[in-house]
Amino acid sequence: MTDRIETGQVTGPPRAPTGAIRWLRENLFNTWYNSLLTLVIVWAGFNIVPAMVDWLVLEAVWHAAPPEACREAAGACWAFLHEKGRFILFGLYPYDEQWRPTLAVALALGLIAVSGDRRSWGRWLAIAWALGIVAIALLIRGGALGLSYVPNNQWGGLPLTLGLSIVGLVFAFPAGILLALGRRSDMPAVKAVCVAYIELIRGVPLITVLFMASLLIPLFLPQELSIDKLLRAQIGLIMFAAAYLAEVVRGGLQAIPRGQYEAADALGLTYWQKMRLIILPQALTIAIPPLVNTFIGFIKDTSLVVIIGLFDLLGATKSALSEAGWRPMYKEGYLFIALIYFVICYSLSKYSQALESRLETGRRARR
Amino acid sequence: MTVDTRPRPAAGSDGPATAPGDPIIQIQGLNKWYGDFHVLKDVDLSVDQGEKIVVCGPSGSGKSTLIRCVNALEEHQKGKLLVEGIEVKNDLKNIDAIRREVGMVFQQFNLFPHLTVMDNLCLAPVWVRRTPRREAEATAMQLLERVKIPEQADKYPGQLSGGQQQRVAIARALCMRPKIMLFDEPTSALDPEMIKEVLDVMIELAEEGMTMVVVTHEMGFAEKVANRVIFMDQGEIVEQAPPSEFFSNPRSERTRQFLGQILSH
């Protein structure tokens, strides 16, 4: 250390040493094995990064071109996205009407972004959501106001992925909370039903739930009461997510000290007031990290609807890749949707971090 | 500014009428078990309106359990317990009626950490008593002045000292204008220098005529405030007497031993 503090002259913590070389020494070369790791990583970087840049950028085909043109190039075939990008993004949705799902997605993301700010919460936001949902449904489905009707077996791509995710979470989250409360209920029947449901669903892979929702439910229902494939898949996803979210919420509930329940009881709050005003706000705050974890997992899990023949992002990509000539371009296709998934999930994760730190600063203990 | 924290007249519009002189809490032959452990054994106790009772005894003697039975935080299995003439049993409607009349202060404060002090105080009046928010806030502010921390209204509990938190907890219970206040070792979790500020608030409250049942080991408080001191051991009431008699001339050997232990230093 360069700056010494003389005794009797304590003015504050010693200044942290600065300088790039010091930083390197302290972080990358502080022990022999860290030095070794640093060298290995640098060596690997030198070997991998140039090849990556070559393939992704320098040798890639950037302009619209037939698949034959790509075969001669050594790099990525972005021409594939020129040709199939819109199909991946919108699936079988009629080409000339694709502005409608685009607008609907923008509307949904806008509403979600505004709702992310707590200051906007209020009556106007509720009205905006009500109008927004009507507008989104109208845009996607059509059949009124001069918009042509688009049946839901033509919906696909990003709007379908987002739709399944958002609608799924909007229903699964409250259902999960109720299941978690039910599992901790004093009423034996309620508790038994919730435990059985959660354990049953968690014990089964999502694919199975989706298959059952799509194949078995129609067998049991009377003929005239047929629910279409998309709705069945959505119900399957909700049922699945609710069970997982219930366990996450239960974890949060268990972290709340008994004194909080007793104080609420002693003040005469009813069960639902106690839960809504005292217990859940605290339990859900604690559970934000695992909740967001489950949300993110769920958004990616919606891609499994591909196995029952829905054209979500992944389904549309697979379908685009099945066309003659474009089959070898799977790297480009999957990279493209990976990027989309990453942007969605990463922003969700970032938002949850911001939310956590804001809730934390509001009530930080002095100690 | 002074606030009327005195109990509302017993013949108020909400809650059954109790004739003056009738005990406000009546306990007869109360028994409670935790599994096989017999916590309360045939406890009889009656508390008059305006009376201040201090309950003491070694840990595990059942004193906390006893007062927690009064507002049904604990269930009793045998015996009769009447609060304001309403019988406490496993009937949700009765329990709600009783909890509205009985305020409770806990050892660990149990403030709601996600709400500001003001919101902690207004919550129950607004949701349980349906008091308009503005009115509830005015009452809350007056009570915060009473417990001498009006400037902390917008802080969160975690930003306050232990003594301040416990005073907020007392104000929160008073916001419901209860007729009875229960204190479950209110100073046991506090640093020594904060005990006095909490006891001062409790003494003021006692002087206003609040009916109080206090589980505590603060014998100075008992001497100054209590009408009766109750000594419990192993789930039984061993002795009850006015403080002067209780401290100077305890009748039972167990009481003498206990007093010897807590007053020796």
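In what follows, every chain begins at residue 1, and chains take the letters A, B, ... in the order their sequences are listed.
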Tell me whether N71(B) contacts the main-chain N or O of A266(A) through its side chain, where contact means a donor paired with an acceptor under 3.5 Å. no

How far does [atom1] of [X] sit from [atom2] of [Y], to the nearest 0.5 angstrom?
X: W127(B); Y: I278(A); atom1: CH2; atom2: CD1; answer: 10.5 Å
X: D265(A); Y: R99(B); atom1: CG; atom2: CZ; answer: 4.5 Å
X: Q260(A); Y: H114(B); atom1: CD; atom2: NE2; answer: 7.5 Å
X: L115(B); Y: L277(A); atom1: CG; atom2: CG; answer: 8.0 Å

Please indicate whether [X] has more than 12 foreign heavy atoms, meaning atoms of other residues, nucleotides or ligands, lying under 6.0 Å from its [atom1].
X: R130(B); atom1: CZ; result: yes
X: K148(B); atom1: NZ; result: yes
X: F171(A); atom1: CZ; result: no
X: Y271(A); atom1: OH; result: yes
X: R119(A); atom1: CZ; result: no

Pick one of side chain, backbone, both or neither for [X], based on which atoms fall under 4.5 Å of a heavy atom in chain A.
X: L111(B); result: backbone
X: F106(B); result: side chain
X: R68(B); result: side chain

Under 4.5 Å heavy-atom distance to chain B, tell me which part of E262(A) shows up: side chain, backbone, both or neither. both

Are the side chains of L123(B) and L269(A) in touch, meaning some heavy atoms are under 4.5 Å apart?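 Yes, at least one pair of side-chain atoms sits under 4.5 Å.
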
Shortest non-hydrogen contact from G268(A) toward D96(B):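 In terms of heavy atoms, the two residues are closest at O-OD1, 4.5 Å.
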
